[in-house]
Amino acid sequence: MAFLALALTRPTLVGALAPSSRRLACAMAEQVGSASAVIELGAGTGAVTAALRAVAPHTPLLAVELQRHLAAGLKRRFPDVELSCAAAHEVLQERTAAPGDTVLVSSLPFRSLPEPLRTTTVQSLLVFVEAHPGRRLVQYTYQPRAPFALPRASRLQWTLREVVWGNLPPAGVWVLKSVGAA
(Lines give C-alpha, C1' and ligand atoms only; values in the text may rest on other atoms or scores of the structure.)
Protein backbone atom coordinates (compact mmCIF):
# COMPACT_ATOMS: atom_id res chain seq x y z
CA MET A 1 0.00 0.00 0.00
CA ALA A 2 2.88 2.39 0.80
CA PHE A 3 4.40 1.68 -2.62
CA LEU A 4 1.15 2.46 -4.43
CA ALA A 5 0.62 5.71 -2.52
CA LEU A 6 4.14 6.89 -3.37
CA ALA A 7 3.82 5.78 -7.00
CA LEU A 8 0.66 7.85 -7.37
CA THR A 9 1.86 10.96 -5.54
CA ARG A 10 5.56 11.09 -6.53
CA PRO A 11 6.05 8.90 -9.62
CA THR A 12 9.46 10.34 -10.53
CA LEU A 13 10.87 8.93 -7.30
CA VAL A 14 9.43 5.46 -7.91
CA GLY A 15 9.84 4.74 -11.63
CA ALA A 16 8.07 1.35 -11.46
CA LEU A 17 4.63 -0.13 -12.02
CA ALA A 18 4.93 -2.48 -9.06
CA PRO A 19 7.43 -3.34 -6.33
CA SER A 20 10.32 -5.58 -7.41
CA SER A 21 9.24 -9.19 -7.83
CA ARG A 22 10.79 -11.95 -5.74
CA ARG A 23 12.56 -13.21 -8.87
CA LEU A 24 14.13 -9.81 -9.58
CA ALA A 25 15.09 -9.34 -5.92
CA CYS A 26 16.78 -12.76 -5.85
CA ALA A 27 18.59 -12.14 -9.16
CA MET A 28 20.00 -8.91 -7.74
CA ALA A 29 20.96 -10.46 -4.40
CA GLU A 30 22.81 -13.30 -6.15
CA GLN A 31 25.28 -10.72 -7.54
CA VAL A 32 26.56 -9.86 -4.04
CA GLY A 33 28.91 -12.84 -3.80
CA SER A 34 31.38 -12.70 -0.91
CA ALA A 35 31.26 -8.93 -0.34
CA SER A 36 32.35 -7.63 3.06
CA ALA A 37 29.51 -5.10 3.10
CA VAL A 38 26.37 -4.25 1.13
CA ILE A 39 24.69 -0.89 0.73
CA GLU A 40 21.18 -1.07 -0.69
CA LEU A 41 20.04 2.15 -2.36
CA GLY A 42 16.33 2.81 -2.74
CA ALA A 43 15.25 0.00 -0.42
CA GLY A 44 11.57 0.88 -0.83
CA THR A 45 9.24 -1.74 0.65
CA GLY A 46 12.04 -4.24 1.29
CA ALA A 47 11.70 -6.82 -1.49
CA VAL A 48 15.42 -6.68 -2.30
CA THR A 49 16.33 -6.25 1.38
CA ALA A 50 14.65 -9.58 2.17
CA ALA A 51 16.52 -11.30 -0.67
CA LEU A 52 19.83 -9.81 0.48
CA ARG A 53 19.22 -11.09 4.03
CA ALA A 54 18.45 -14.56 2.65
CA VAL A 55 21.55 -14.72 0.42
CA ALA A 56 24.01 -13.00 2.79
CA PRO A 57 22.52 -13.14 6.31
CA HIS A 58 25.79 -12.27 8.09
CA THR A 59 27.06 -9.57 5.73
CA PRO A 60 26.65 -6.05 7.13
CA LEU A 61 23.80 -4.36 5.27
CA LEU A 62 22.92 -0.68 5.15
CA ALA A 63 19.50 0.01 3.63
CA VAL A 64 19.06 3.54 2.26
CA GLU A 65 15.57 4.91 1.66
CA LEU A 66 14.76 8.58 1.12
CA GLN A 67 11.01 8.37 1.81
CA ARG A 68 10.36 8.51 5.56
CA HIS A 69 7.25 6.33 5.63
CA LEU A 70 8.98 3.61 3.59
CA ALA A 71 12.07 3.86 5.84
CA ALA A 72 9.85 3.45 8.92
CA GLY A 73 8.33 0.30 7.41
CA LEU A 74 11.80 -1.08 6.68
CA LYS A 75 12.92 -0.43 10.26
CA ARG A 76 9.92 -2.38 11.60
CA ARG A 77 10.37 -5.24 9.14
CA PHE A 78 14.18 -5.51 9.40
CA PRO A 79 15.25 -4.39 12.89
CA ASP A 80 18.71 -5.98 12.42
CA VAL A 81 19.50 -3.94 9.30
CA GLU A 82 21.21 -0.56 9.58
CA LEU A 83 18.93 2.06 8.03
CA SER A 84 19.57 5.52 6.66
CA CYS A 85 16.70 7.82 5.68
CA ALA A 86 18.69 10.05 3.35
CA ALA A 87 19.57 10.63 -0.29
CA ALA A 88 21.86 8.00 -1.82
CA HIS A 89 24.57 10.51 -2.74
CA GLU A 90 24.73 11.81 0.85
CA VAL A 91 25.17 8.29 2.25
CA LEU A 92 27.87 7.39 -0.28
CA GLN A 93 29.81 10.56 0.52
CA GLU A 94 29.75 9.57 4.20
CA ARG A 95 30.85 5.98 3.49
CA THR A 96 34.10 6.55 1.62
CA ALA A 97 35.89 4.33 4.16
CA ALA A 98 33.62 1.34 3.38
CA PRO A 99 35.48 -1.90 2.61
CA GLY A 100 37.07 -2.13 -0.83
CA ASP A 101 34.75 -4.96 -1.87
CA THR A 102 31.51 -3.25 -0.87
CA VAL A 103 28.64 -3.96 -3.25
CA LEU A 104 25.99 -1.35 -3.94
CA VAL A 105 22.61 -2.88 -4.77
CA SER A 106 20.38 -0.23 -6.27
CA SER A 107 16.71 0.08 -7.11
CA LEU A 108 17.01 3.78 -7.86
CA PRO A 109 14.91 4.90 -10.86
CA PHE A 110 17.65 6.72 -12.80
CA ARG A 111 15.58 7.33 -15.92
CA SER A 112 12.83 9.11 -13.97
CA LEU A 113 14.84 10.91 -11.27
CA PRO A 114 14.53 14.67 -11.55
CA GLU A 115 17.60 16.72 -12.43
CA PRO A 116 19.93 17.65 -10.75
CA LEU A 117 19.31 14.72 -8.35
CA ARG A 118 19.98 12.23 -11.14
CA THR A 119 23.34 13.78 -12.08
CA THR A 120 24.42 14.13 -8.45
CA THR A 121 23.45 10.53 -7.68
CA VAL A 122 25.18 9.07 -10.75
CA GLN A 123 28.36 11.04 -10.00
CA SER A 124 28.46 9.83 -6.39
CA LEU A 125 27.98 6.21 -7.52
CA LEU A 126 30.82 6.50 -10.03
CA VAL A 127 33.18 8.05 -7.46
CA PHE A 128 32.30 5.36 -4.88
CA VAL A 129 32.77 2.40 -7.25
CA GLU A 130 35.95 3.81 -8.86
CA ALA A 131 37.59 4.33 -5.45
CA HIS A 132 38.37 0.58 -5.13
CA PRO A 133 38.66 -2.00 -7.92
CA GLY A 134 36.68 -4.55 -5.86
CA ARG A 135 33.57 -2.39 -5.53
CA ARG A 136 30.55 -3.03 -7.72
CA LEU A 137 27.11 -1.61 -8.40
CA VAL A 138 24.20 -3.96 -9.07
CA GLN A 139 21.31 -2.12 -10.76
CA TYR A 140 18.23 -3.17 -12.68
CA THR A 141 16.50 -1.41 -15.53
CA TYR A 142 13.39 -2.04 -17.59
CA GLN A 143 15.03 -0.86 -20.78
CA PRO A 144 17.32 -2.96 -23.03
CA ARG A 145 20.37 -0.80 -22.32
CA ALA A 146 22.62 0.04 -19.38
CA PRO A 147 20.94 1.96 -16.53
CA PHE A 148 22.91 5.13 -17.28
CA ALA A 149 25.69 6.21 -19.60
CA LEU A 150 29.27 6.31 -18.37
CA PRO A 151 31.65 9.23 -18.94
CA ARG A 152 33.91 8.71 -21.94
CA ALA A 153 37.10 8.29 -19.86
CA SER A 154 35.52 6.02 -17.24
CA ARG A 155 37.46 3.02 -15.96
CA LEU A 156 34.14 1.28 -15.30
CA GLN A 157 32.10 -1.04 -17.48
CA TRP A 158 28.48 -2.25 -17.45
CA THR A 159 27.70 -5.98 -17.93
CA LEU A 160 24.21 -7.40 -18.35
CA ARG A 161 24.06 -10.40 -16.01
CA GLU A 162 20.47 -11.58 -16.38
CA VAL A 163 17.06 -10.68 -17.80
CA VAL A 164 14.26 -11.45 -15.35
CA TRP A 165 11.25 -12.23 -17.51
CA GLY A 166 9.10 -13.06 -14.45
CA ASN A 167 9.02 -9.42 -13.35
CA LEU A 168 6.41 -6.82 -14.32
CA PRO A 169 7.78 -5.42 -16.59
CA PRO A 170 10.75 -7.67 -17.41
CA ALA A 171 14.01 -6.25 -16.05
CA GLY A 172 17.69 -6.55 -16.84
CA VAL A 173 20.14 -6.96 -13.95
CA TRP A 174 23.34 -5.04 -14.68
CA VAL A 175 26.67 -4.91 -12.84
CA LEU A 176 29.02 -1.93 -12.99
CA LYS A 177 32.63 -2.55 -12.04
CA SER A 178 36.19 -1.60 -12.90
CA VAL A 179 37.41 -2.86 -16.26
CA GLY A 180 39.40 -6.03 -15.65
CA ALA A 181 38.06 -6.60 -12.10
CA ALA A 182 37.01 -10.16 -11.32
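None of these values were measured; they are calculated from a predicted model. Here, residue 1 is the first one in the sequence, and each next residue gets the next number.
Side chain of R135 to backbone of A98: a donor-acceptor contact under 3.5 angstrom is found. The closest donor-acceptor contact from the side chain of D101 to the backbone of S36 lies under 3.5 Å.
V55 and V48 fall into different hydrophobic clusters, where Ile, Leu, Val, Met, Phe, Trp and Tyr are joined by side-chain heavy atoms under 4.5 Å apart, directly or via other members. Hydrophobic cluster membership is shared by L156 and V122, with clusters built from Ile, Leu, Val, Met, Phe, Trp and Tyr side chains linked at under 4.5 angstrom. Linking Ile, Leu, Val, Met, Phe, Trp and Tyr whenever their side-chain heavy atoms come within less than 4.5 Å leaves V127 and L62 in two separate clusters. Hydrophobic clustering (ILVMFWY, side-chain heavy atoms < 4.5 Å, transitive): L160 and W165 are in one cluster. Hydrophobic clustering (ILVMFWY, side-chain heavy atoms < 4.5 Å, transitive): F128 and L150 are in one cluster.
Atom-to-atom distance recorded for L66:CG and L117:CG is 7.5 Å, nearest 0.5 angstrom. Going from atom CD of E30 over to atom CZ of R161 covers 11.5 Å, rounded to the nearest 0.5 Å. With values rounded to the nearest 0.5 angstrom, E40 atom CD is found 12.5 Å from S84 atom OG. Separating the CG atom in L83 from the CZ atom in R76 is a distance of 11.0 Å, to the nearest 0.5 Å. Remark: E82 CD to K75 NZ distance equals 8.0 Å, nearest 0.5 Å. To the nearest 0.5 Å, atom OG1 of residue T45 and atom CG of residue L74 are 7.5 Å apart.
Annotation: side chain of D80 is in contact with side chain of R53 (closest heavy-atom distance under 4.5 Å). No side-chain heavy atom of T59 sits under 4.5 Å from any side-chain heavy atom of L61. F148 has its side chain out of reach of Q139: every pair of non-hydrogen atoms, C-beta onward, lies at least 4.5 Å apart. Contact check for T121 versus L92: no side-chain heavy atoms found under the 4.5 Å cut-off. Residues W158 and T141 form no side-chain contact, since every pair of their non-hydrogen atoms from C-beta on lies 4.5 Å or further apart. Looking at heavy atoms from C-beta onward, L41 lies in side-chain contact with L125 at the 4.5 angstrom threshold. For the pair V32 and V105, the minimum side-chain heavy-atom distance is below 4.5 Å. Proximity of R155 to S178: side-chain heavy atoms (C-beta onward) are nowhere separated by under 4.5 Å.
Of all heavy-atom pairs between S21 and G166, the closest is OG-O, 3.7 Å. Looking at every heavy atom in both residues, A86 comes nearest to V64 through O-CG1, 3.4 Å. Here the closest heavy-atom approach between residue M28 and residue S106 is recorded as CE-O, 3.3 Å. Shown here for T49 and A43, the closest heavy-atom pair between the two residues is OG1-CB, 3.9 Å. In this structure, G42 and S107 approach most closely via the heavy-atom pair O-CB, 3.5 Å. In terms of heavy-atom proximity, P147 sits nearest to W174 at CD-CG, 3.7 Å.
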For this session: For salt bridge (Lys or Arg N to Asp or Glu O under 4.0 Å), just list the numbers for R77 and E65, CA-CA rounded to whole Å, side-chain angles, deciding distance to a tenth of an Å, and then say yes or no.
Result: CA-CA 14 Å; R77 187 171 171 200; E65 176 51 53; over 6 Å; no

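For the residue pair R136/Q31, the side-chain donor-acceptor check at 3.5 Å is not satisfied.
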